[in-house]
Amino acid sequence: MALNDNKAGMGNLDKERINKVIYEMSKGSKYYENEQRKEEQVKAKIAAQHKQIQSFDAREIEKSELQADAMLAAIEEMRDFSRTIVHIDMDAFYAAVEMRDNPSLKNIPMAVGGSAMLSTSNYEARRFGVRAAMPGFIAKKLCPDLVIVPTNFDKYRQVSKDVKEILLQYDPNMCPMSLDEAYLDITQHLAERKNFDAEQKTFRTADGEQRMFGIAPNMMLAKVCSDFNKPNGQYLIPFNRQAVMDFVKDLPVRKVCGIGRVSCSMLGAMGVVTCSDLFRKRGLLLKLYSAISFNYFLRVSAGVGSTSVQRGDDRKSMSTERTFAEINRPAELFAKCYELCEALVEDLKKENLKGKTITLKIKTIKYIVRTKAHSLLNATQDVQLLYSTARDLLRTEIRLCSPEPLRLRLMGKSRGEQKLPFGAVKPKTDGRHTLLNYFKSPK
DNA sequence: GCGGATCAC
DNA sequence: TATGGTGATCCGC
Ligand SMILES: Nc1ccn([C@H]2C[C@H](O)[C@@H](COP(=O)(O)OP(=O)(O)OP(=O)(O)O)O2)c(=O)n1
Ligand SMILES: [Mg+2]
Ligand SMILES: [Mg+2]
């Protein structure tokens, strides 16, 4: 339960004071209790890992290192400097849009969201420790002058569309990852402007918003780069092996897309902090992690990533969920359940979608999350069928809990896609988060 | 196929 | 007073 300082707006902030305020505002709350519980779980995972490590002997580790080296040789084979990959990410996106539309917000600390939750904050506010995913009422304690403006998704969608329009000129296959960021392969574009050398592999958009560019030989590195020199800057990794290895050497693993808070703790517990540590500890990592994860770690340590920017496949699921003031009376729970079914079906119809797995998600007032799924034989988008399935799942949950009432703060519905036949699974990008590129791992 | 956990934004 | 919503992946059953 502390400030998430990975995505810093700037250094130089009084973390001690900030963490104290967050703690004072959070302690004793059900939310806080749950966070503590989750932290204990992570600690237990680390302890289990520690025990496993102690059961290894040195010879085993050495053998694993040799195996890892062979895998690394294969990875080295695939190192590719032929593509110029750009990752673009708008600065403080929602906040920037609001500041554009209301310049009086420009030089004051400001955030987008509500008193319960903020979506993002501008750079003024970040100096006070105000961040995305922080409740507004805590942010106000950190920064009493903070102005909070409500979200206008439609506006952000429009701006996003305008920017994409521009980016398409540089790469028609541009791959948007969210409203405010995208990967581009500008190799072709650069070829069309032959007079550019490597240092000049930079480019501009005419948009009014500030943005970050990361420019590198692959997507993983470009993404990391776009987080450097913030805001409104750019960072380029020269296109040669030494430059990449230098870049990766002291890079904290936490900066890499896919390695989050928990993975970072687990790795840290065995002395892995930077990407070169991933190489140093390869013998251990191979034994501790799955083939998919380990391969991903090795690639990160080598600074190798995907060079193929391509649109994602069709969506695999569609869901809707809502947080509300406690509901515990069965009749009201079922009514909420029906509401969500209607909402989901409306969305499904917009894209004329079908799936066959229905998932009910609930979060108790203690923030315990549970999901229950049921797969139908046939895909359908019929409200009644969806509801009768979801209703049964909910009824089971209520019975499970009785005679205590089921006390919820959130309910959600999701509709999953039909599983594709095995052979049809297509490799997409890379890494662990979109696995599968490396099915051919050595024995 | 299911459910929990993790991650990104 | 008050701690979000959507989509995806991985792992261990
Ligand atoms: N937990 C989060 C993180 C982000 N967002 C939204 C608001 C952000 O404006 C937008 C883009 O996310 P970024 O991670 O790129 O954050 P920003 O663009 O706000 O800031 P930065 O300058 O660090 O990119 O997504 C959100 O709703 N919830
Ligand atoms: Mg951004
Ligand atoms: Mg972003």
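Just so you know, these numbers use all the heavy atoms, side chains as well, and skip hydrogens, waters and symmetry mates. Every chain is numbered from 1, with letters handed out A, B, ... down the list of sequences.
Each of A/Lys363 and A/Arg315 has a nearest nucleotide on DNA chain C; the 5'-most of these lies closest to A/Lys363. Remark on DNA chain B: of its neighbouring residues A/Arg370 and A/Arg261, the 5'-side contact belongs to A/Arg370, judged by nearest-heavy-atom nucleotide. For the pair A/Met318 and A/Arg409, nearest-nucleotide mapping onto DNA chain C gives the more 5' position to A/Arg409. Each of A/Val256 and A/Gln41 was matched to the nucleotide of DNA chain B holding its nearest heavy atom; the match closer to the 5' end belongs to A/Gln41.
We find the OG-CZ distance between A/Ser119 and A/Arg131 to be 15.0 Å, quoted to the nearest 0.5 Å.
Here the C1' atom of nucleotide B/dA8 and the CZ atom of A/Phe93 are 16 Å apart, to the nearest Å. In this structure, A/Phe297 places its CZ atom 13 Å from P of B/dT6, rounding to the nearest Å. If you take OH of A/Tyr289 and C1' of C/dG12, they are 16 Å apart, rounded to a whole angstrom. Following rounding to the nearest Å, A/Ile365 (CD1) and C/dG4 (P) show an atom-to-atom distance of 14 Å. Between the CD atom of A/Glu181 and the C1' atom of B/dC7 there is a distance of 13 Å, rounded to whole Å. Atom NZ of A/Lys413 and atom C1' of C/dT6 are 16 Å apart (whole Å). To the nearest angstrom, P of B/dC9 lies 12 Å from OH of A/Tyr94. The NZ-P distance, from A/Lys361 to B/dT6, rounds to 14 Å in whole Å.
Counting non-hydrogen atoms under 4.0 angstrom, A/Ser178 reaches the backbone sugars and phosphates but no base. Counting any heavy atom pair closer than 4.0 Å across all strands shown, A/Lys372 reaches sugar-phosphate atoms only and no base atom. At the heavy-atom level, A/Glu35 lies nowhere under 4.0 Å from the strands shown.
Scanning all heavy atoms of the two residues, the minimum distance from A/Val256 to A/Cys275 falls at CG2-SG, 4.0 Å.
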**Report entry** side-chain contact (heavy atoms from CB on, under 4.5 Å) between A/Met318 and A/Leu344, intermediate numbers included
**Finding:** CA-CA 8 Å; A/Met318 180 180 274; A/Leu344 181 57; 4.0 Å; yes
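Residue A/Tyr367 places its side chain closer to C/dG4 than to any other of C/dG4, B/dC7, C/dC11. The side chain of A/Ile292 lies closest to C/dC11 when the candidates are C/dC11, C/dA8, B/dC2.
A salt bridge (Lys or Arg N to Asp or Glu O under 4.0 Å) with A/Glu326 is found for exactly one of A/Lys366, A/Arg407, A/Arg409, namely A/Arg407.
Figure legend: cation-pi geometry between A/Arg299 and A/Tyr296 absent, as NZ or CZ is not positioned both under 6.0 Å from the six-membered ring centre and within 45° of its axis.
Between the A/Ser121 side chain and the A/Val130 main chain, a donor and an acceptor come within less than 3.5 Å of each other.
When the side-chain nitrogen and oxygen atoms of A/Ser375 are compared with OP1 and OP2 of B/dC2, one or more of them lie within a distance under 4.0 Å.
Contacts between residues 132-157 of chain A and DNA chain C, counted as heavy-atom distances below 4.0 Å, involve A/Ala133, A/Pro135, A/Phe137, A/Ile138. The stretch residues 16-29 of chain A comes close to DNA chain C through A/Ser26, A/Ser29, each having a heavy atom under 4.0 Å from the strand.
Rounded to the nearest Å, the gap between the P atom of C/dT3 and that of B/dA8 is 24 Å.
By the side-chain hydrogen bond (donor to acceptor under 3.5 Å, both in side chains) test, A/Ser319 is found to be paired with no residue, residues two or more places apart in sequence or in another chain being considered.
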